[in-house]
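Reading through the structure tokens given below for one structure.
First the proteins, then the strands, lettered A, B, ... as listed; each starts at 1.
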2 protein chains.
Amino acid sequence: MAARRFLLLCASLVTGYFIGTCGAAASELTERPVVRLAELEIDPNQLAVYKAALKEEIETSIRAEPGVLTLCAVSVKDHPTQIRIFETYADRAAYEAHLQAPHFKKYKSETQGMVKTLRLVETDLILLGAKTGQR
Amino acid sequence: MAARRFLLLCASLVTGYFIGTCGAAASELTERPVVRLAELEIDPNQLAVYKAALKEEIETSIRAEPGVLTLCAVSVKDHPTQIRIFETYADRAAYEAHLQAPHFKKYKSETQGMVKTLRLVETDLILLGAKTGQR
């Protein structure tokens, strides 16, 4: 399983960090982390409820889905209704599985009336460097 | 040291993930991860050289700086000169130290003629969930 291999790669590096890149052949596309950025504008009157739903969705996804590597939600400083969610998945299959997960569908239906605009930015990975927590 | 505590927190969770949040008191601001997003437009004629310098900077920062937790560089799909760099630091001190690191200064001076526009998006963390590589 691609997700498993990716995580084992992290754990195997004794120096405590890993570097993921995209220099491999096209046939290995599904083995690569998928990185996506979501840019949202939230109804200010529903911001607290939205953030609670978002936190629940992130916690459940990280705990329950092996292929969801990171979900990081921030707001733009001084613009609390401008939310950015930075997402990394072990591979394309993990990303597709996440879209079908019941907790993700619950989040989407609960928050659809709170989201004024949503832009999904698809990306090509250049380099992902991260501490593994092994130091 | 804040960075050390943050990484130990990751390693101590047997379930293999960690959740960072920003619900603490104002006095703990320096203990929190700092998340920053850089949005760059690169001169297309110098894109390959720029990406090589960026990769070197990321690899060195992750390896040499305990407080640099993640540096993830992507390009917007179908727009290879539009680069986004998602950065997380253990705390404000780690971020300030990174700006003074010799490898970061080298990257900045080497690439200043390649960067057409640069926007730094400062953020407030809502929730950071990530696998630790412990699974």
What's the separation between atom [atom1] in [X] and atom [atom2] in [Y], rounded to the nearest 0.5 Å?
X: B/L71; Y: A/I126; atom1: CG; atom2: CD1; answer: 12.5 Å
X: B/F86; Y: A/T70; atom1: CZ; atom2: OG1; answer: 7.0 Å
X: A/I85; Y: B/L127; atom1: CD1; atom2: CG; answer: 10.5 Å

Specify which of B/V35, B/V121, B/T123 makes the most heavy-atom pairs with chain A at under 4.5 Å.
B/T123
Excluding sequence neighbours, so at least two apart, what forms ring pair (Phe, Tyr, Trp, His ring centres under 6.0 Å) with A/Y107?
none
Does B/Y50 have any ring pair (Phe, Tyr, Trp, His ring centres under 6.0 Å) partners at least two apart in sequence or in another chain, and if so, which?
none
Any salt bridge (Lys or Arg N to Asp or Glu O under 4.0 Å) involving residues 39-52 of chain B? Give me the pairs, sequence neighbours left out, ordered by first then second residue.
A/R84-B/E39, B/E39-B/R84, B/E39-B/R119
For chain B, which residues from residues 73-83 of chain A lie under 4.5 Å away (heavy-atom distances)?
A/A73, A/V74, A/S75, A/V76, A/K77, A/D78, A/I83
Specify the closest pair of heavy atoms between A/L128 and B/C72, including all atoms of both residues, with the distance to one decimal.
CD1-CB, 3.6 Å
